[in-house]
Amino acid sequence: MKGIIEGFYGTPWTWEERRLVGEALADAGMDTYVYAPKDDPLHRERWREPYPEQELAGFAALVEEGALRVGVGISPGLSIDPESAEDRSQLLGKVRQLIGTGVSLIGLLLDDLDPAPGLGARHGALTAWLHDALDPEVELFVVPLHYTGTEPAPYLDELVAEVPPQVPIGWTGSYVVNRTITAEDARARTAATGGRAPLLWDNTPVNDAIMAMPA
């Protein structure tokens, strides 16, 4: 998976901008675009609500364009009860609506949340359930609450114990924003997540915090 995630805070791109970005990335040898703008309320705060027909048509047109594989992220962590059957049903309904446009990659984004005891296990169980509920041709990845660093942590231990091994787990490097990300860093993160190679989200530029990198 090589490409770009539209995962920033601020005004989302237009569909024309997404099309142009897709063409440029395809020309550069990339293969994936993921829609996940934090300030789309239907992506995050109001994740339970279905997308209107106009937006669904935008996803379908981007898929039809064919420059890149199109993925969509859903960020339900602010309000979902991971163990609630009703919330899980609403999440699956939203995901299936997007898959109906031709989207073949889904990101379950559980980042930028407050930590809580046992949350890793709950997030892991939710991820495993969603993976099992999707058709085999639809790929799933997860971005966890603990998405930085290279050391083991209780949240990660709980998460990894539940998430199927074929579901990539997102990682931004040692920090949210990094001057460099080395193979040694990646090997350490792999060890911290039970031997899973990380799915790297190179978070540069980022616009939701002070734009400064560690020295």
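Of the inter-residue distances, the one linking Y175 atom OH with I181 atom CD1 reads 11.5 Å to the nearest 0.5 angstrom. Atom CG of L200 and atom CG of D185 lie 10.0 Å apart (nearest 0.5 Å). Atom CZ of residue R19 and atom CG of residue L68 lie 12.0 Å apart, to the nearest 0.5 angstrom. With rounding to the nearest 0.5 Å, the separation of CD1 in I80 from CG in L126 is 5.0 Å. Here D31 contributes atom CG and L25 contributes atom CG; the two are 10.0 Å apart, rounded to the nearest 0.5 Å. Atom CD1 in I74 sits 9.0 Å away from atom CG in L42 (nearest 0.5 Å).
Transitive grouping of hydrophobic side chains (ILVMFWY, heavy atoms separated by less than 4.5 Å) brings Y147 and M1 into a common cluster. In this structure, L92 is a member of the same hydrophobic cluster as L98, with clusters built from ILVMFWY side-chain heavy atoms closer than 4.5 Å. Hydrophobic clustering (ILVMFWY, side-chain heavy atoms < 4.5 Å, transitive): W171 and L113 are in distinct clusters. Hydrophobic clustering (side-chain heavy atoms under 4.5 Å, transitive across Ile, Leu, Val, Met, Phe, Trp, Tyr) groups L78 together with L145.
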* Run the side chain to side chain contact (heavy atoms under 4.5 Å, CB included) check on L130 and L140 step by step: do they pass? -> CA-CA 8 Å; L130 183 57; L140 177 68; 3.9 Å; yes

* Might you work through the side chain to side chain contact (heavy atoms under 4.5 Å, CB included) test for L134 and I99, ending with a clear yes or no? => CA-CA 10 Å; L134 295 177; I99 292 171; 3.8 Å; yes

* Go through I4 and V21 one step at a time and tell me if the side chain to side chain contact (heavy atoms under 4.5 Å, CB included) criterion holds. => CA-CA 9 Å; I4 193 168; V21 167; 4.2 Å; yes

* Asked: How far apart are the C-alpha atoms of Y51 and Q97, what are their side-chain angles, what is the distance that settles it, and do they pass the side chain to side chain contact (heavy atoms under 4.5 Å, CB included) test?
  -> CA-CA 8 Å; Y51 277 102; Q97 183 196 39; 3.8 Å; yes

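In the displayed structure, D114 atom CG is contacted under 6.0 Å by at most 12 heavy atoms of other residues, nucleotides or ligands. No more than 12 heavy atoms of other residues, nucleotides or ligands shown are found within 6.0 angstrom of CD on Q54. At most 12 heavy atoms of other shown residues, nucleotides or ligands fall within 6.0 angstrom of atom CD in E86.
Between A67 and G22 the shortest heavy-atom distance is CB-O, 3.8 Å. Shown here for H123 and P82, the closest heavy-atom pair between the two residues is CD2-CG, 4.4 Å. Contact record, T148 with V176: CG2-N, 3.8 Å, taken as the closest heavy-atom pair. Nearest approach of A153 to H146, heavy atoms of both residues: CB-CE1, 3.2 Å. For the pair A133 and R96, the tightest heavy-atom approach, listed with the atom from each and the gap, is O-NH2, 3.6 Å.
Under the 4.5 Å side-chain criterion, counting only non-hydrogen atoms from C-beta, V167 is in contact with T127. Looking at heavy atoms from C-beta onward, H131 lies out of side-chain contact with L108 at the 4.5 angstrom threshold. Here the side chains of L110 and V143 are not in contact, with every heavy-atom distance at 4.5 Å or above. At a threshold of 4.5 Å between non-hydrogen side-chain atoms, the residues V72 and V34 do not count as touching. Side-chain atoms of D112 and Y9, non-hydrogen and from C-beta on, do get closer than 4.5 Å to each other. Considering only heavy atoms from C-beta on, P198 comes within 4.5 Å of T190 through its side chain.
In summary, the aromatic rings of Y35 and W13 are positioned with their centroids too far apart to meet the 6.0 Å limit. Taking the ring centroids of W201 and F141, they lie at or beyond the 6.0 Å cut-off.
At distances below 3.5 Å, not a single donor-acceptor pair connects side-chain atoms of S89 with backbone N or O atoms of A85. In this structure, the side chain of D111 does not engage the main chain of P144 through any donor-acceptor pair within 3.5 Å. Counting only distance, with no hydrogens or angles, the side chain of E158 and the backbone of A121 share a donor-acceptor pair below 3.5 Å. The backbone N or O of A36 sits nowhere less than 3.5 Å from a side-chain atom of D40 that would complete a donor-acceptor pair.
Salt-bridge check for R187 with E184: failed, with every basic side-chain N at 4.0 Å or more from each acidic carboxylate O. For D81 and R88, the salt-bridge test fails: no basic side-chain N is under 4.0 Å from an acidic carboxylate O.
At a cut-off of 3.5 Å, with distance as the only test, a side-chain donor of Y33 or E6 sits close to an acceptor on the other residue.
Applying the side chain to side chain donor-acceptor pair (under 3.5 Å) rule to E49 yields the partners R46; only residues at least two apart in sequence or on another chain are considered.
For the side-chain hydrogen bond (donor to acceptor under 3.5 Å, both in side chains) condition, the pairs that include at least one residue of residues 64-80, sequence neighbours left out, are T32-R69, R44-S75, W47-S79, R48-S79, R69-E139.
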